[in-house]
Amino acid sequence: MIETNNNEEGKKSLNFIEVIVEKDLAEGKNNNQIQTRFPPEPNGYLHIGHAKAICIDFGIAQKYNGICNLRFDDTNPVKEDVEYVDSIMEDIQWLGYKWGNVYYASDYFPQLWEFALQLIREGKAYIDEQSSEEIAKQKGTPTQPGLDSPYRNRPIEENLDLFERMNKGEFEEGRMVLRAKIDMASSNMHFRDPIIYRIIKHPHHRTGTAWKAYPMYDFAHGESDYFEGVTHSICTLEFEVHRPLYDWFIDQLKINKPEDGSYRPRQIEFNRLNLTYTVMSKRKLLQLVQEKLVNGWDDPRMPTICGYRRRGYTPSSIHNFIDKIGYTKYDGIIDVALLEHAVREDLNMKAKRVSAVLDPVKLILTNYPEGKVEMMEAVNNPEDESMGNHDIAFTRELYIEREDFMEDAPKKFFRMTPGQEVRLKNAYIIKCTGCKKDNEGNITEIYAEYDPETRSGMPESNRKVKGTLHWVSVEHSITAEVRLYDRLFMTENPGDEKEKDFRELLNPDSLRVLTGCRLEMELKNAKPYDNFQFQRIGYFNIDPDSTADKLIFNRTVPLKDSWSKIKDKE
RNA sequence: UGUCCCAUGGUGUAAUGGUAGCACAUCUGAUUUUGGUUCAGCUUGCCUAGGUUCGAAUCCUGGUGGGACAACCA
């Protein structure tokens with residue numbers, strides 16, 4: 001069950017798509033049936049933008065007791081592959097949805113072929129032997145009408161013959177196409193005799209070499225909807241101009257099907273998801289993968305669903321995000337902060353708190369006995385007591401974060417500086433006494449004295465101390481590799497890039513790997529995808545490529561850090 | 001010199017003819033053994049000009065601004 005945010009009255013206001021659906025139901029359209037479809041082309045992995053489409057396609061069906069089918073729009077064998085089919089199914093399921101049936105547009109090739117024959121016989125389609133350049137030239141421009149093709153009035157028998165031979169492989173690719181005969185002067189470019197079949201000799205991932213002529217999107221999509229009984233065909237805004245053509249083909253299809261009565265699929269368009277600083281175009285993502293700028297579609301930096309999954313995002317965080325942004329017809333750009341907030345909101349309740357030191361420096365408690373080990377109790381999650389506690393070993397020599405010590409600290413620095421008291425989380429209050437540096441002035445060791453009366457739980461521990469530091473025991477810690485992902489994937493927003501190559505805009509800091517990070521022992525047995533909050537640092541999860549010898553953590557999202565803001569101001 | 005779509009704080013989104021609300025972001029304060037969380041609060045908005053109406057973010061018209069459309073891609 002998918003959660004939705006409700007307002008005070010307990011009713012969530014409907015988005016415009018739900019309004020349309022409810023109106024159609026109220027009017028008794030399509031026998032009060034609701035059927036949707038999610039129609040990806042299997043030419044790449046799903047990204048966060050697809051998640052938005054998935055949520056509305058499946059969500060509408062779920063909400064109005066209808067069904068949503070998965071349909072692969074596989075009408076262009078050149079770009080498609082079964083690898084993508086598998087990944088798409090996996091990602092939809094991970095998001096928590098179940099489809100009614102799995103269909104393929106390629107299953108409809110015979111029906112589409114028959115439909116094309118119908119159009120030819122009715123004098124509504126013809127074989128054009130011009131080159132693509134000639135056809136493009138004749139098409140005119142948005143402001144100038146097009147011109148008729150010299151082949152436009154070819155006899156029907158000739159059209160039928162050539163169409164048949166097109167599919168037998170008698171002609172080379174590009175030699176001829178089948179076009180619908182509509183209106184070369186239409187103000188809608190898509191009505192200027194759109195191409196509906198072209199020759200492709202590349203084998204298809206499902207039908208092999210059975211076909212040589214393949215239908216175009218416009219000729220396959222609406223028709224597939226119609227064959228399946230789709231009532232609401234929800235897609236993104238750029239298909240708005242296609243809708244009249246969608247309707248035109250449906251009209252033609254209905255001519256010989258009186259038995260279908262008033263049934264008619266309806267296309268509805270919503271705004272595509274754009275995220276600040278995030279590459280979302282499938283073409284560019286494919287380029288990143290092919291040029292090995294990332295380590296595959298599931299690289300944790302990728303905005304793909306599997307990339308986010310690997311990076312520790314949860315399905316519910318994605319649902320909550322999609323729920324926050326809504327569906328409209330306004331083409332805007334969403335701040336990634338909204339997505340990251342949804343992730344933090346979810347992980348705050350679920351992630352176990354652990355101690356990890358990313359940039360370690362040694363802290364020696366000079367008055368703590370050598371060899372002594374105390375087990376300190378740490379709460380697993382202050383938001384959820386039922387998650388229990390775990391113990392962390394405390395010793396004389398600890399690691400703390402290098403940036404948690406400053407010799408000459410500004411006023412608002414609440415961490416360790418000579419003479420100032422700080423609390424070691426879950427342990428003692430300590431007071432810094434000094435530090436040791438190497439020849440270059442780098443701090444190598446920090447010294448402090450602990451107050452034995454201030455161990456957590458003791459009355460003296462209630463003393464007010466501004467700063468609380470996380471730490472791990474030198475002796476009891478383990479080493480790991482931690483990948484820090486910069487939250488900004490690009491240095492500019494997509495769309496602002498103009499003519500620049502988007503690859504040059506990729507933030508070089510996108511991936512920073514820190515090796516030698518010191519973590520508490522607790523993490524030794526963590527499993528892939530387990531989520532943790534590194535105290536005061538951020539949310540991290542275990543990368544599936546981790547081994548017993550090498551633990552790799554991905555930063556899911558950084559913690560909100562108000563200290564860095566204070567620091568920037570000074 | 002076209003057709004279609006869109007316009008509410010910085011960002012996104014509600015209000016569908018009757019008090020412009022919510023979230024994120026920002027800032028301030030309180031609590032806090034995470035500079036996290038939580039809580040309280042501040043600041044910021046109906047593109048514009050007319051019209052209809054007792055009353056317009058909402059309906060109409062004209063501007064302005066943005067987007068989509070000229071792939072044998074989907």
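In what follows, chains carry the letters A, B, and so on, assigned in the order in which the sequence lines appear, proteins first and then strands, with residues in each chain numbered from 1.
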Given K201(A) and E172(A), is the salt bridge (Lys or Arg N to Asp or Glu O under 4.0 Å) satisfied, shown in steps? CA-CA 8 Å; K201(A) 300 220 167 158; E172(A) 290 311 302; 3.6 Å; yes
In chain order, what residues pass the side chain to side chain donor-acceptor pair (under 3.5 Å) check against [X], with sequence neighbours excluded?
X	result
K466(A)	none
E83(A)	Y45(A)
R402(A)	none
E238(A)	T236(A), R272(A)

Across the strands shown, which category fits [X] at heavy-atom distances under 4.0 angstrom: base, sugar-phosphate, nothing?
X	value
T468(A)	sugar-phosphate
G44(A)	nothing
S461(A)	base
K137(A)	nothing
S456(A)	base
E240(A)	sugar-phosphate
E172(A)	nothing
Q535(A)	base
R243(A)	nothing
E173(A)	nothing

Looking only at atom [atom1], what distance separates [N] and [M], rounded to whole Å?
N	M	atom1	value
rA57(B)	rA7(B)	P	15 Å
rC42(B)	rG29(B)	C1'	10 Å
rA20(B)	rU58(B)	C1'	12 Å
rC60(B)	rC22(B)	C1'	30 Å
rA56(B)	rC46(B)	P	16 Å
rU64(B)	rA49(B)	P	15 Å
rA23(B)	rC72(B)	P	49 Å
rG45(B)	rG50(B)	C1'	23 Å

Go ahead and write out RNA chain B as dot-bracket, 5' to 3': ( ) for pairs within the strand, [ ] for ones crossing earlier pairs, | when the partner sits on another strand, dots for unpaired; Watson-Crick or G-U wobble, both distances under 3.5 Å. .((((((..((((....[..))))..((((.......)))).....(((((..]....))))))))))).....
Pairs touching residues 181-196 of chain A that satisfy salt bridge (Lys or Arg N to Asp or Glu O under 4.0 Å), sequence neighbours left out: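 Salt bridge (Lys or Arg N to Asp or Glu O under 4.0 Å) check on residues 181-196 of chain A returns R152(A)-D193(A).
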[X]: partners by salt bridge (Lys or Arg N to Asp or Glu O under 4.0 Å), with sequence neighbours left out:
X	answer
D218(A)	none
E401(A)	none
R175(A)	E129(A)
R243(A)	E269(A)

Quick one: does L358(A)'s side chain get under 4.5 Å of L484(A)'s, heavy atoms only? yes
Of all of residues 329-342 of chain A, which get a heavy atom below 4.0 angstrom from RNA chain B, listed by number?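 Heavy-atom cutoff 4.0 Å gives K329(A), Y330(A), D331(A), G332(A), I333(A), I334(A), D335(A), A337(A), L338(A), H341(A).
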On RNA chain B, nearest-nucleotide positions of N15(A) versus F413(A): which is more 5'?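 Upstream on the strand: N15(A).
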For K79(A) and R344(A), take the nucleotide of RNA chain B holding the closest heavy atom to each; which residue's nucleotide lies nearer the 5' end?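 Going by which nucleotide is closer to the 5' end, it is R344(A).
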So, do Y197(A) and F163(A) have ring centers that fall under 6.0 Å from each other? yes
Tell me, please, the opening and closing nucleotides of RNA chain B, 5' to 3', among those with an atom under 4.0 angstrom from a non-hydrogen atom of chain A. rG2(B) to rA74(B)
The test is side-chain contact (heavy atoms from CB on, under 4.5 Å); show your working for L559(A) and F534(A) and say whether it passes. CA-CA 9 Å; L559(A) 223 52; F534(A) 288 1; over 6 Å; no
